[in-house]
Amino acid sequence: MQLHNTASGRKEPFEPLDPKRVTMYVCGPTVYSYAHLGNARPAVVFDVLARVLRHRYPRVLYARNITDIDDKINAAARAEGVDIGVLTSRYAAAYHEDLAALGVAPPDFEPRVTQYIPQILAMIRRLIDSGHAYEAQGHVLFHVPSYPDYGQLSRRDPRELLAGARVEVAPYKKDPGDFVLWKPSPPELPGWDSPWGRGRPGWHIECSAMAEAVLGETIDIHGGGHDLVFPHHENERAQSTCAHGGKLFARFWVHNGFLTDRGEKMAKSVGNVRLVRELLKHAPGEALRLALLSGHYRQPLEWNDEVIADARRKLDRLYGALRDAGDLAPAHEAQAPQEFVEALEDDLNTPAALAVLFELARALNKSEDAADKARLAGRLRAAANLLGLLQQSPQAWFAWKPANAEVPTPQEIEASIARRAAAKKAKDYAEADRIREALKARGVLIEDVPGGTRWRLADG
RNA sequence: GGCUCGGUGGCAGAGUGGUCAUGCAGGGGACUGCAAAUCCCCGUACGUCGGUUCAAUUCCGGCCCGAGCCUCCA
């Protein structure tokens with residue numbers, strides 16, 4: 001398997017440290033609002049990576065955290081006048097719902113920062129004791145010059161970081177690059193007692209502490225969005241490496257690219273985010289998932305309505321092939337084609353893998369032999385499963401409708417189809433076509449096939 | 001300014017030193033009462049200027065254009 005490693009800037013052969021225990025840690029959301037597509041992309045991408053790893057290795061430990069203490073959370077909770085726990089549980093639950101709709105399987109571990117405060121304090125203690133951190137005015141700061149490799153992950157020269165610095169340097173910092181591990185909390189804000197006073201963790205230490213607690217000191221893969229490379233992952237790497245006496249923290253750093261909106265990145269700071277739950281009102285989650293996988297994970301992905309419509313038509317084709325194959329596929333015995341697996345194992349080349357899916361669909365459509373069709377359908381399902389796609393019945397796919405959509409009930413549709421069949425039998429084609437057009441006007445498309453007529457709801 | 005990534009046919013989007021990506025849209029044909037679905041066929045695609053090479057979209061260099069990061073962010 002090949003994986004692009006941000007640390008080296010190139011694709012490298014991936015071999016886990018221990019093939020019997022592959023570890024992956026991915027930075028999850030800070031839960032103070034509903035998830036937008038930018039949050040969904042890494043969730044989907046690393047879900048696929050986890051599936052591919054599980055296909056190859058017997059045991060994969062995948063951790064994706066939830067950050068449930070942070071200044072933005074504090075601000076949002078205060079604005080609503082509720083405890084931060086109320087706010088974070090609400091948005092964590094919403095996050096789970098949204099990801100489930102996108103076919104994202106739960107990770108093996110989902111640590112929350114507020115449940116790992118002791119581990120965070122212990123790690124800070126170790127960093128102070130080993131001379132990598134110091135206390136200043138109620139803060140504990142990581143001392144960047146104490147870690148000579150600082151800047152290596154993001155290819156940055158620490159001396160030059162100051163040049164473009166956009167923030168004022170706090171007067172208590174020994175070095176302008178030093179960053180906070182622990183910061184004081186005033187009485188009105190959430191806080192925990194510590195040897196350095198009541199406070200809360202800085203932004204980066206949580207992931208270091210939780211990755212260590214859940215997966216160990218050296219992990220195989222550390223993932224997240226590309227914007228986390230600096231400062232978040234650079235700082236995590238510094239903390240973890242120093243807290244572990246110089247031991248390698250993450251062997252592979254994997255980062256997904258941004259979603260873009262008319263060429264510009266989709267981000268809260270830009271104000272052009274699309275909420276997953278809003279999009280789910282107008283399109284099936286599986287279509288959103290396919291759209292997110294239709295480009296390579298490291299490339300920017302332009303998002304618009306056409307991308308979604310395109311994904312729906314692709315799924316129409318794939319499910320159409322499965323529907324024509326009937327339900328005779330012994331999926332559990334089927335294997336994904338080698339070519340498909342190789343595409344995914346080549347740095348998660350999902351577009352190339354999808355191409356194999358369409359080749360299977362074409363072969364399936366062409367095949368006349370029942371056993372052959374069953375075999376191909378099984379392979380198609382098995383392959384798609386690695387992408388988290390095609391796991392529902394074609395009937396369910398073609399019956400999807402937007403929330404609150406006004407479409408006829410299946411009973412009404414069947415009744416219309418029966419009347420049309422009678423008209424056809426009587427060679428009253430004008431009446432038959434009139435019924436078909438009437439259904440079409442109400443969002444129902446029908447197709448005559450040998451042995452009857454089937455229907456589906458239009459993508460509109 | 002520093003550091004990264006990109007520019008592929010109408011659109012989306014892989015990839016490769018010399019035969020195919022793939023999907024959608026479009027054109028033609030088969031099938032169909034007509035459609036739809038499906039199948040078959042089709043379109044001088046690789047930003048630009050040079051270099052290396054028998055051969056460059058692919059390798060190298062310059063240029064143009066775009067995006068991202070440089071302590072809020074997936």
Side-chain angles (χ1 to χ4, degrees), chain A residues 6 9 26-30 35-46 70-72 75 144 151 154-157 159-169 176-180 202-204 223-232 234-235 255-260 263-270 273 290-291 294-296 298-302 304 306-307 309-318 320-321 323-324 343 346 349-359 361-362 364-366 424 427-430 432-433 436-437 440 445-450 453-456:
Chain A
T6 304
V26 173
C27 290
T30 300
H36 66 269
L37 269 178
N39 300 303
R41 167 118 101 147
V44 168
V45 163
F46 290 102
D70 152 282
D71 288 351
K72 291 187 293 291
V144 166
S154 54
R155 259 169 279 274
R156 253 162 249 266
D157 184 339
R159 289 164 305 182
E160 290 179 8
L161 281 178
L162 306 176
R166 298 191 298 201
V167 294
E168 272 183 62
V169 176
D178 292 353
F179 55 90
V180 170
W203 175 32
H204 317 293
H226 197 254
D227 54 338
L228 296 181
V229 175
F230 189 88
H232 185 55
E234 189 71 66
N235 291 356
H255 294 100
N256 64 273
F258 284 109
L259 253 26
T260 59
E264 188 178 33
K265 80 160 175 168
M266 183 185 289
K268 284 176 185 164
S269 55
V270 183
V273 297
L290 176 55
S294 64
H296 186 86
R298 279 193 285 115
Q299 296 306 124
L301 181 67
E302 173 71 13
N304 53 49
E306 187 55 37
V307 170
D310 210 59
R312 293 189 69 171
R313 285 189 292 253
K314 287 176 180 176
L315 285 165
D316 282 342
R317 179 164 171 80
L318 295 173
R323 175 177 58 183
D324 288 341
D346 181 13
N349 191 337
T350 52
L354 286 167
V356 179
L357 253 37
F358 288 105
E359 280 159 18
R362 182 186 309 282
L364 188 47
N365 284 330
K366 282 172 77 166
K424 279 179 67 176
K427 300 257 194 270
D428 184 356
Y429 293 119
D433 290 350
R436 183 171 63 201
E437 287 308 307
K440 189 178 175 186
L445 305 177
I446 61 177
E447 299 166 15
D448 292 330
V449 291
T453 297
R454 67 189 178 198
W455 60 272
R456 47 179 277 222

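Naming convention: chains lettered A, B, ... in sequence-line order (proteins, then strands); numbering from 1 in each chain.
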> Between the base of B/rC34 and the side chain of A/Arg436, is there a donor-acceptor distance below 3.5 Å?
Replying inline: yes
> Separation of A/Gln299 atom CD from B/rG68 atom P, in whole Å?
Replying inline: 14 Å
> Going through the checks in order, is the side chain to side chain contact (heavy atoms under 4.5 Å, CB included) test met by A/His296 and A/Thr350?
Replying inline: CA-CA 6 Å; A/His296 186 86; A/Thr350 52; 5.6 Å; no
>> Could you tell me how far apart A/Asp310 (CG) and B/rG26 (C1') are, to the nearest whole angstrom?
In response: 15 Å
> A/Asn256 CG to B/rU4 P: how many Å, rounded?
Replying inline: 20 Å
> Below 3.5 Å, does any donor atom in the side chain of A/Asp70 face an acceptor in the base of B/rC72, or the other way round?
Replying inline: no
> Would you say the side chain of A/Leu354 lies within less than 4.5 Å of the side chain of A/Leu290, judging by non-hydrogen atoms?
Replying inline: yes
>> I want to check one thing: is the phosphate of B/rG13, taken as OP1 and OP2, less than 4.0 Å away from some side-chain N or O of A/Lys314?
In response: no
> If you take atom types as modelled and just measure distance, does the side chain of A/Asp157 reach the base of B/rG2 with a donor-acceptor pair under 3.5 Å?
Replying inline: no
>> With a 4.0 Å cutoff (strictly under), does any side-chain N or O of A/Arg155 reach OP1 or OP2 of B/rC69?
In response: no
> Atom CZ of A/Phe258 to atom P of B/rU4: distance rounded to whole Å?
Replying inline: 17 Å
> From the list B/rA74, B/rG33, B/rC70, which nucleotide is the closest neighbour of the side chain of A/His36?
Replying inline: B/rA74
>> Both distances below 3.5 Å, Watson-Crick or wobble geometry, any strand: find the nucleotide opposite B/rC39.
In response: B/rG29
> Can you check whether A/Asn349 has a side-chain N or O nearer than 4.0 Å to OP1 or OP2 of B/rG15?
Replying inline: yes
> Side chain of A/Arg313: nearest nucleotide among B/rU38, B/rA25, B/rA74?
Replying inline: B/rA25
> Between atom CG in A/Leu290 and atom P in B/rA12, what is the gap in whole Å?
Replying inline: 16 Å
>> With a 4.0 Å limit, can you tell me whether A/Lys366 has a side-chain N or O closer than that to the phosphate oxygens OP1/OP2 of B/rC40?
In response: yes
> In Watson-Crick or G-U wobble terms, both distances under 3.5 Å, what is the partner of B/rU22?
Replying inline: B/rA12
>> Pairing check on B/rG61: which nucleotide meets the Watson-Crick or G-U wobble criteria with it, both distances under 3.5 Å?
In response: B/rC49
> Does A/Arg362 put a side-chain nitrogen or oxygen below 4.0 Å from OP1 or OP2 of B/rG23?
Replying inline: yes
>> Closer than 4.0 angstrom, basic N to acidic O: yes or no for A/Arg456 and A/Asp316?
In response: yes
> For A/His232 and B/rC69, what is the distance between atoms NE2 and P respectively, to the nearest whole Å?
Replying inline: 16 Å
> Are A/Val144 and A/Pro176 side-chain neighbours, meaning at least one heavy-atom pair lies under 4.5 Å?
Replying inline: no
>> One thing to verify: whether A/Lys314 and A/Asp310 come together as a salt bridge, which I'm taking to mean a side-chain N less than 4.0 angstrom from a carboxylate O.
In response: yes
>> With a cut-off of less than 4.0 Å, is there a side-chain N or O of A/Lys265 near OP1 or OP2 of B/rC69?
In response: yes
> Whole Å only: how far is the CG atom of A/Asp316 from the P atom of B/rG23?
Replying inline: 14 Å
> Now, which nucleotide makes the Watson-Crick or G-U wobble pair with B/rC34, with each of the two distances under 3.5 Å?
Replying inline: none
> Atom CH2 of A/Trp455 to atom C1' of B/rA35: distance rounded to whole Å?
Replying inline: 19 Å
